[in-house]
K.L.:
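My questions all concern the structure below.
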Protein chains: 2
Amino acid sequence: MSDRARRGRPGHDQQTVLRVAIELFNRQGYDATSMGDLARELGLTKSAIYHHVPSKESLLERALDEALDELSAALDRVQADTDATPAQRLRLAVRTSVVVLAEHLPAVTLLLRVRGNTPAEKNALSRRRDIDHRLAEMVREAAAAGEIRTDVDPLLASRLLFGTVNSMTEWLRGDVDVERLADAVATLAFDGLLRRE
Amino acid sequence: MSDRARRGRPGHDQQTVLRVAIELFNRQGYDATSMGDLARELGLTKSAIYHHVPSKESLLERALDEALDELSAALDRVQADTDATPAQRLRLAVRTSVVVLAEHLPAVTLLLRVRGNTPAEKNALSRRRDIDHRLAEMVREAAAAGEIRTDVDPLLASRLLFGTVNSMTEWLRGDVDVERLADAVATLAFDGLLRRE
């Protein structure tokens, strides 16, 4: 019997372990969650879990990479769209951030709670800062192009814009029309709440 | 010697204990903070602390009440302004929420992290929900008055609006021009990021 067959479907099982781990980390905190808790939640023995994953930190790492890889790839796609104006690219960046957040909600929620105690967390914080810098740079470009208001500091505008997006982890639950949600967020952010005559 | 004189200046000392407790709760989490940690941080004995406050939960309660009382009182003032239109009141509510958040940053930060494990936390969550309902109602009134856009659901607009304000606890530090900040947040929220011709 091959090693793969003996383990059942390891690909599937690793995904299940990761999903449940992210859910536990979000519910009770990463530090407060043990591999024993995870085993109990999965109805497995601890040694069965170590069959799939080497350590708790490797689960955290994979969860944070999931969120960061998706956000980076989305920004890459937006920035490659050189036909769009800077403000159009920024609007796309807002939309696509909402979509990534909604489609990878548990992983993004975990990412936004990271405070940086372990190497995996420090690395994730550093990657998150890079993404924030890219977004702030997009706001500056749109301001320099005269497309967005310049009476609000671009760094402040960038923080508020993506603070709005990130705040959605506080209340967003599955089963949402992601595209409509992304449109609503972009509309409010760019066009404002006031009704125009 | 009166009880008061024997204890030194209890009013002052209680405030110091509360400030340091809030700072510790925010830094390492309420559950993970012991009265022993607080004593060490203050350079006091544990019994000296119990001289000032009956329990850890009473410190949490006072911190959460500080944030909630300020937010409620600010909303009361805004809603009493019946000369203003619904959208003007909503704009004032956004401005004043920013001011309260900036001026009571540690207490508001603690409030926004509460997850509701103890009676004090459950009570705070219930008061916070009441405030959220009042804000959502103000958005609905402004929509009904035709002053704000109706193509975005008022509940969603309300969540995004105050999600933006609350997200400021992630990066705001002291030494900020609070009134300018409140103006910038209200301008972006109501008028949008786009430059108008």
Side-chain angles (χ1 to χ4, degrees), chain A residues 26-29 31-32 85 87-88 90-91 94 98 112-113 115 117 128-129 132 139 142-143 145-172 176-177 180-181 183-197, chain B residues 26-29 31-32 85 87-88 90-91 94 98 112-113 115 117 128-129 132 139 142-143 145-172 176-177 180-181 183-197:
Chain A
N26 279 331
R27 199 196 321 152
Q28 60 191 40
D31 292 334
T85 70
Q88 286 168 338
L90 179 62
R91 192 168 186 139
V94 170
V98 173
L112 295 176
R113 290 188 186 162
R115 286 291 173 266
N117 299 316
R128 200 187 146 192
R129 264 194 302 275
D132 286 345
V139 175
E147 292 183 290
I148 62 171
R149 58 172 63 247
T150 48
D151 57 348
V152 173
D153 171 57
L155 180 59
L156 175 59
S158 161
R159 281 171 160 166
L160 292 172
L161 205 49
F162 294 95
T164 308
V165 174
N166 293 341
S167 74
M168 297 170 61
T169 57
E170 294 292 319
W171 54 266
L172 194 61
V176 69
D177 183 336
R180 267 192 67 181
L181 186 62
D183 282 336
V185 175
T187 297
L188 283 182
F190 282 78
D191 305 326
L193 189 58
L194 284 184
R195 184 170 160 183
R196 310 267 156 214
E197 306 314 312
Chain B
N26 279 331
R27 199 195 322 149
Q28 59 190 42
D31 292 333
T85 69
Q88 286 168 339
L90 179 60
R91 191 170 187 137
V94 170
V98 173
L112 295 177
R113 290 188 185 163
R115 287 291 173 266
N117 300 316
R128 201 188 144 192
R129 263 192 303 274
D132 285 344
V139 175
E147 292 183 289
I148 62 171
R149 58 172 62 246
T150 48
D151 56 348
V152 173
D153 171 57
L155 179 59
L156 174 60
S158 161
R159 281 171 160 167
L160 292 172
L161 207 47
F162 294 95
T164 308
V165 174
N166 293 342
S167 74
M168 297 172 61
T169 56
E170 294 292 319
W171 53 265
L172 195 62
V176 69
D177 182 336
R180 266 193 68 181
L181 186 62
D183 282 335
V185 175
T187 297
L188 283 182
F190 282 78
D191 305 326
L193 189 59
L194 284 183
R195 185 169 159 185
R196 308 270 156 214
E197 307 311 312

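Below, chain A is the first sequence line, B the second, and so on; all start at residue 1.
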K.L.:
Within the distance-only criterion (no hydrogens, no angle test), does the side chain of A/Arg149 pair as donor or acceptor with the backbone N or O of B/Gly192 below 3.5 angstrom?
P.N.:
yes

K.L.:
I need the A/Trp171 CH2 to B/Asp132 CG distance, nearest 0.5 Å.
P.N.:
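Here the interatomic distance stands at 12.5 Å.
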
K.L.:
By the definition salt bridge (Lys or Arg N to Asp or Glu O under 4.0 Å), identify the one residue from B/Arg128, B/Arg115, B/Arg113 that meets it with A/Glu170.
P.N.:
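Exactly one candidate clears the test, B/Arg115.
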
K.L.:
So for A/Arg91, is it side chain, backbone, both, or neither that comes closer than 4.5 Å to the heavy atoms of chain B?
P.N.:
side chain

K.L.:
Give, as side chain, backbone, both or neither, the part of A/Asn166 having an atom under 4.5 angstrom from any heavy atom of chain B.
P.N.:
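For A/Asn166, neither part sits under 4.5 Å from chain B.
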
K.L.:
So what's closer than 4.5 Å to chain B heavy atoms on A/Val185: side chain, backbone, both or neither?
P.N.:
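Contact with chain B is through both the backbone and side chain of A/Val185.
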
K.L.:
Could you have a look at B/Arg159, B/Glu147, B/Arg180, B/Met168 and say which one has the most heavy-atom pairs with chain A under 4.5 angstrom?
P.N.:
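Most heavy-atom pairs within the cutoff with chain A belong to B/Arg159.
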
K.L.:
Let me know if A/Ala157 has heavy atoms under 4.5 Å from chain B in its side chain, its backbone, both or neither.
P.N.:
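Contact with chain B involves both backbone and side-chain atoms of A/Ala157.
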
K.L.:
Between chain B and each of A/Thr164, A/Leu194, A/Leu90, count heavy-atom pairs under 4.5 Å; write down the option with the most.
P.N.:
A/Leu194

K.L.:
So which atom in A/Arg196 and which in B/Phe190 form the shortest heavy-atom distance, rounded to 0.1 Å?
P.N.:
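Closest heavy-atom pair between A/Arg196 and B/Phe190: NH2-O, 3.8 Å.
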
K.L.:
Nearest 0.5 Å, what's the CG-CG distance between A/Asp191 and B/Asp191?
P.N.:
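One finds 11.5 Å between CG of A/Asp191 and CG of B/Asp191.
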
K.L.:
If you count heavy-atom pairs under 4.5 Å with chain A, which of B/Leu160, B/Asp183, B/Val139 comes out on top?
P.N.:
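Top option by heavy-atom pairs under 4.5 Å: B/Leu160.
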
K.L.:
Walk me through whether A/Leu188 and B/Leu156 qualify under side-chain contact (heavy atoms from CB on, under 4.5 Å).
P.N.:
CA-CA 10 Å; A/Leu188 283 182; B/Leu156 174 60; 5.6 Å; no

